[in-house]
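Each chain gets a letter, A, B and so on, in the order its sequence line appears, and its residues count up from 1.
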Protein chains: 2
Amino acid sequence: MTIRVLLADDHRMLREGLRRSLEERGFEIAAEAADGDEAVTLAAQHTPDVVLMDVSMPVLDGVEATRRVREATPEVRVVMLTMHVDPDVVARAIRAGASGYLVKDCSIDEVAEALTLACDGQTVISPHLAASMLDEVRRLDGDPHEEVITKREEEVLQLIADGHSTPEVAEKLYISQKTVKNHLASIYHKLDARDRTQAVVRAVRLGIIHLD
Amino acid sequence: MTIRVLLADDHRMLREGLRRSLEERGFEIAAEAADGDEAVTLAAQHTPDVVLMDVSMPVLDGVEATRRVREATPEVRVVMLTMHVDPDVVARAIRAGASGYLVKDCSIDEVAEALTLACDGQTVISPHLAASMLDEVRRLDGDPHEEVITKREEEVLQLIADGHSTPEVAEKLYISQKTVKNHLASIYHKLDARDRTQAVVRAVRLGIIHLD
DNA sequence: TGTGACATGGGGCGATCGGCTCATTTCTGA
DNA sequence: TCAGAAATGAGCCGATCGCCCCATGTCACA
């Protein structure tokens with residue numbers, strides 16, 4: 001039976017390349033989404049067998065989109081694609097319900113195999129990531145404490161990444177500078193960062209915030 | 001006659017997709033490069049008609065690679081690919097000798113057309129970029145001052161992006177903190193940034209430095 | 001009915017940062 | 001050969017930052 005795939009990536013070029021290559025290998029492309037929100041909507045409409053989802057997308061990032069797809073339509077599997085090899089992002093993706101996690105630096109054949117295995121109920125992870133995943137699992141075992149950035153913290157973080165200073169963030173959010181500093185302190189702790197620059201870099205890699 | 005293309009992109013997935021799609025349209029893929037340095041070497045070896053070069057690549061970024069390709073083999077045209085729509089990057093790319101500039105959010109047909117036109121000696125720019133390019137030209141007319149980040153400044157910037165403080169950067173580069181601060185001041189001016197966080201974000205978007 | 005997480009604040013302190021002016025040396029390109 | 005850019009460095013100062021201490025109110029969940 002033919003596997004029906006929903007492609008979700010903000011770069012049309014990559015989507016077209018994937019569509020052609022996957023169709024050649026006998027997959028059927030049910031639809032294409034250019035952002036996370038569209039991916040969620042189209043997944044519900046077309047109920048494909050699997051969604052091939054980019055991590056970094058506008059409007060709604062891939063991890064959050066995966067969470068919503070899995071909530072709305074649990075029978076639809078999600079395989080994630082990423083540029084960044086970060087164990088934390090992998091962990092976030094897996095927790096969000098992804099059945100697979102691929103680095104963009106892999107071949108189309110590997111993608112095809114991952115999609116097939118995902119539909120078969122298996123979880124696939126790029127070999128490059130296997131080692132770092134083990135570390136992550138150990139970390140989670142030893143420390144069940146989930147370092148989840150709250151919504152407010154995320155707002156602060158995004159404004160910081162947009163180039164705003166503490167006083168400016170305070171003004172924009174209608175809170176005191178002290179509160180902003182408190183949020184930042186919490187963010188530093190959760191992201192294991194020492195200052196705002198480290199925090200922004202780390203958050204971007206984790207897919208929590210975006211630069212564009 | 002067949003147009004011979006060198007693909008330079010660090011994501012194998014995208015390369016494979018492009019190879020397939022372009023070969024289908026009658027192009028010949030002379031070789032594939034996974035980083036800027038490889039692109040320069042392979043361009044000299046294979047002298048393709050045109051190099052399709054990603055802006056952000058490891059080892060050597062696309063803009064610098066373009067500069068070297070054009071220096072070593074002026075008959076080889078370069079068409080750049082980018083994720084970010086930033087007029088400054090476009091300006092840097094054109095100054096580096098690129099014959100074309102495409103956003104990754106365009107179709108394979110557009111890529112094919114751009115490659116053909118580039119070989120014909122024409123310069124192609126994604127329509128999305130046309131407007132911002134006009135602004136850039138105006139800016140360059142009014143202010144012929146070239147804001148080019150120097151090698152030393154780039155080193156400082158990269159270390160800052162890696163999460164190092166001023167004292168740490170000074171230690172790593174065997175220079176005084178004062179000199180680091182001087183470089184940073186220069187960087188802020190050139191990137192129109194106010195602090196290190198803004199500078200890092202802007203540099204990443206310009207493709208000057210990388211987070212990975 | 002607590003208990004804990006979240007969001008909101010205050011004060012203080014030392015370190016760091018960014019702006020300012022200035023000087024020296026080296027090297028390259030016109 | 002000479003101007004200018006690049007890289008190095010100094011001192012000063014005010015602003016900001018990051019890290020401590022702490023308190024309050026809300027709200028959810030057990």
Side-chain angles (χ1 to χ4, degrees), chain A residues 64 92 95 140 143-203 208-209, chain B residues 64 67-68 70-71 92 95-97 140 143-203 208-209:
Chain A
E64 188 52 34
R92 272 165 48 89
R95 275 201 291 271
L140 290 176
D143 177 21
H145 181 50
E146 281 217 18
E147 307 288 28
V148 181
I149 264 65
T150 68
K151 284 183 183 175
R152 200 55 163 171
E153 285 163 0
E154 191 181 316
E155 286 178 47
V156 172
L157 206 42
Q158 186 62 60
L159 287 171
I160 294 292
D162 289 343
H164 298 291
S165 64
T166 298
E168 286 169 354
V169 173
E171 197 182 349
K172 281 188 176 288
L173 296 181
Y174 305 107
I175 56 181
S176 78
Q177 294 188 25
K178 186 59 196 125
T179 302
V180 175
K181 290 172 80 174
N182 284 340
H183 286 310
L184 279 172
S186 173
I187 289 166
Y188 297 153
H189 177 246
K190 290 179 181 177
L191 296 184
D192 193 29
R194 186 177 43 185
D195 53 50
R196 55 192 62 217
T197 307
Q198 277 190 8
V200 167
V201 169
R202 190 143 186 78
I208 298 170
I209 56 170
Chain B
E64 188 52 35
R67 197 185 314 280
R68 299 198 191 173
R70 296 292 296 167
E71 265 177 30
R92 272 165 45 91
R95 277 200 290 271
L140 290 175
D143 176 22
H145 182 50
E146 282 214 21
E147 307 287 31
V148 181
I149 263 67
T150 69
K151 285 182 182 174
R152 200 55 163 171
E153 285 163 1
E154 192 182 316
E155 285 178 47
V156 172
L157 206 41
Q158 186 62 60
L159 287 171
I160 293 293
D162 290 342
H164 298 291
S165 65
T166 299
E168 286 169 354
V169 173
E171 197 183 349
K172 280 187 176 289
L173 296 181
Y174 305 107
I175 56 180
S176 77
Q177 294 188 25
K178 188 57 200 133
T179 303
V180 175
K181 291 173 77 173
N182 284 339
H183 286 311
L184 280 172
S186 173
I187 289 165
Y188 297 153
H189 177 246
K190 291 179 180 175
L191 296 184
D192 194 27
R194 186 177 44 185
D195 52 50
R196 55 193 61 217
T197 307
Q198 278 191 6
V200 167
V201 168
R202 190 143 186 78
I208 298 170
I209 56 170

Nucleotides 27-30 of chain C: which of its N/O atoms have a protein N/O under 3.5 Å away?
none

**Study point:** Side chain of A/Y188 - closest among D/dG18, D/dT8, C/dT8
**Key:**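 The closest nucleotide is D/dG18.
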
Practice item. Just compare C/dC17, D/dA7, D/dT8 and give me whichever is closest to any side-chain atom of B/K151. Key: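 Of the options given, the side chain of B/K151 lies nearest D/dA7.
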
Practice item. Please work out if A/D195 contacts a base, only the sugar-phosphate, or nothing of the nucleic acid, heavy-atom cut-off 4.0 Å. Key: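 It contacts sugar-phosphate atoms only.
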
Check your understanding: Contact class for A/S165 vs. all strands (heavy atom < 4.0 Å): base, sugar-phosphate, or nothing?
Key ->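 Sugar-phosphate: the residue A/S165, judged by heavy atoms under 4.0 Å, touches backbone atoms but no base.
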
Point to revise | Partners passing salt bridge (Lys or Arg N to Asp or Glu O under 4.0 Å) against B/E155 (at least two apart in sequence or in another chain) | key: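 Result, salt bridge (Lys or Arg N to Asp or Glu O under 4.0 Å) vs B/E155: B/R152.
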
Exercise for review: Consider the side chain of A/K190, meaning its heavy atoms from C-beta on, and name the nucleotide among D/dC12, D/dC19, C/dC6 that approaches it most closely.
Suggested key: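 My answer, after comparing the listed nucleotides, is C/dC6.
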
Practice item. Under the salt bridge (Lys or Arg N to Asp or Glu O under 4.0 Å) rule, collect the residues that match up with B/E153, sequence neighbours excluded. Key: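 Scan of B/E153 (salt bridge (Lys or Arg N to Asp or Glu O under 4.0 Å), adjacent residues dropped) gives B/K190.
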
Check your understanding: side-chain contact (heavy atoms from CB on, under 4.5 Å) with A/Q198: which residues, sequence neighbours excluded?
Key ->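 With neighbours one apart ignored, the set is A/A193, A/R194, A/D195.
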
Check your understanding: Roughly, in whole Å, what's the span from NE2 in B/H189 to C1' in D/dA5?
Key ->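 These atoms are roughly 14 Å apart.
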
Check your understanding: By side-chain hydrogen bond (donor to acceptor under 3.5 Å, both in side chains), which residues pair with A/S165, not counting sequence neighbours?
Key ->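 Per chain and number, A/S165 pairs via side-chain hydrogen bond (donor to acceptor under 3.5 Å, both in side chains) with no residue.
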
Review point. What nucleotide among D/dT8, C/dG18, D/dC17 has an atom nearest to a side-chain atom of B/R152?
Key: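 Ranking D/dT8, C/dG18, D/dC17 by closest atom to the B/R152 side chain puts D/dT8 first.
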
Exercise for review: For the helix from C/dT1-D/dA30 to C/dA30-D/dT1, measure the angle between the helix axis at one end and the axis at the other, each built from five pairs, rounding to 10°.
Suggested key: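 Answer rounded to 10°: the end axes differ by 50°.
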
Practice item. Return the value, rounded to whole Å, for the distance between atom CD of B/E153 and atom C1' of D/dT8. Key: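 These atoms are roughly 13 Å apart.
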
Review point. In residues 167-179 of chain B, which ones come under 4.0 Å of DNA chain C, going by heavy atoms?
Key: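 Those residues whose heavy atoms fall under 4.0 Å from DNA chain C, taken from residues 167-179 of chain B in numerical order, are B/P167, B/K178.
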
Review point. Taking the side chain of A/L184 as its heavy atoms from C-beta onward, which of D/dA10, D/dG18, C/dG9 lies nearest to it?
Key: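 The answer is D/dG18.
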
Would you be so kind as to tabulate the donor-acceptor pairs closer than 3.5 Å made by side chains of residues 170-177 of chain A, with sequence neighbours excluded?
from   : atom 1 : to     : atom 2 : distance (Å)
A/S176 : OG     : A/K178 : N      : 3.3
A/S176 : OG     : A/T179 : N      : 3.2
A/S176 : OG     : A/T179 : OG1    : 3.2

Point to revise | Counterpart residues, side-chain hydrogen bond (donor to acceptor under 3.5 Å, both in side chains), relative to A/D192 (two or more places apart) | key: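 For A/D192 there are no side-chain hydrogen bond (donor to acceptor under 3.5 Å, both in side chains) partners, ignoring immediate neighbours.
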
Review point. Between C/dG18, D/dC17, D/dT8, which nucleotide has the shortest distance from any of its atoms to the side chain of A/K181?
Key: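 Between C/dG18, D/dC17, D/dT8, the one nearest the side chain of A/K181 would be D/dC17.
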
